[in-house]
S.K.: 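The following block contains the structure, expressed as structure tokens.
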Amino acid sequence: MKKPFDINLAIKLISEAVRPFPKAAMFELAEAGFNSPFEQLIACMISIRTYDEISLPTARKLFAQAKTPLQVSQLTVEEIDSLISASTFHERKAAQIHEIAKRILDEYAGNLPCDSEILLSLPGVGPKCANLVLGIACGQPSISVDIHVHRVTNRWGYVKASTPEKTMTALEAKLPREHWIDINRLLVPFGKHICTGEHPRCSTCPILDMCQQVGVKPQ
Ligand code: SF4
């Protein structure tokens, strides 16, 4: 018999459990000083469909050459492409990053505003990256749902949603606001190392007694 799901306790236990693991990429970059909305946005785009082990050094490589909209706009698309070539879909991302830098210069005087509508109007930017920027760089409560957050919160039985976008809507209706930024920070390492895609480590999981283990096959 499972206990009722207690989100506050789950967050506390998971934050202790993930302490030994590397931080989620965007949070690690922010702590290293790459914490402007523009840097967070570009790093998030580089990370799309790309492992953190690749996307982190790739973002650092680009930022070593250019990390403001002005500096990035002064690179050619080919130069950006060469700097981010380790990232998946780098050619398309290079063109989008260049266009974003130019638009921020032309339309927002070189400063990317902390505004969801503006972020989502930029090429290649979806709700996941927009909300990470708002949460990490702008300090605005926002929920960023990647594949880990989607998988884990559905396994808990906390939400029941078929896509990350629907999970985001369901979490916005249910998750206490004080956890909105942390849910991504915690569930990315938790999903990578404990509640993994194929064989979640339920027997050693700190919230086994309250998780519904939805869709988890017995091992
Ligand atoms: S008990 Fe299993 S399914 Fe539930 S959160 Fe822990 S690892 Fe994931």
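All values below were derived from every heavy atom in this structure, side-chain atoms included, with hydrogens, water molecules and symmetry-related copies excluded. One-based numbering, in listed order, for ligands and for the atoms of each.
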S.K.: Please list all pairs meeting side chain to side chain donor-acceptor pair (under 3.5 Å) that have one or both residues in residues 101-115, counting only residues at least two apart or in different chains.
M.R.: Arg103-Glu107, Arg103-Ser121
S.K.: Taking C-beta and beyond as the side chain, do Arg185 and Lys23 meet within less than 4.5 Å on heavy atoms?
M.R.: no
S.K.: Distance-only check: which donor-acceptor pairs under 3.5 Å involve side-chain atoms of residues 1-13, not counting sequence neighbours?
M.R.:
| unit_1 | atom_1 | unit_2 | atom_2 | d |
| --- | --- | --- | --- | --- |
| Lys2 | NZ | Leu208 | O | 2.6 |
| Lys2 | NZ | Cys211 | O | 2.9 |
| Lys2 | NZ | Gln213 | OE1 | 3.0 |
| Lys3 | NZ | Asp209 | OD2 | 3.0 |
| Asp6 | OD1 | Asn8 | N | 3.1 |
| Asp6 | OD1 | Leu9 | N | 3.1 |
| Asn8 | OD1 | His179 | NE2 | 2.8 |

S.K.: Measure the shortest side-chain to side-chain distance between Phe38 and Val133 over non-hydrogen atoms and say whether it is less than 4.5 angstrom.
M.R.: no
S.K.: Once side chain to side chain donor-acceptor pair (under 3.5 Å) is applied, what residue pairs with a partner in residues 59-75 remain, sequence neighbours excluded?
M.R.: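 For residues 59-75: Thr68-Gln71.
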S.K.: For atom 8 (Fe) of ligand 1, which protein N/O/S atoms are closer than 2.8 Å?
M.R.: Cys195 SG
S.K.: Using distance alone, with no hydrogens and no angle criterion, decide if His90 and Ser85 have a side-chain donor and acceptor under 3.5 Å apart.
M.R.: no
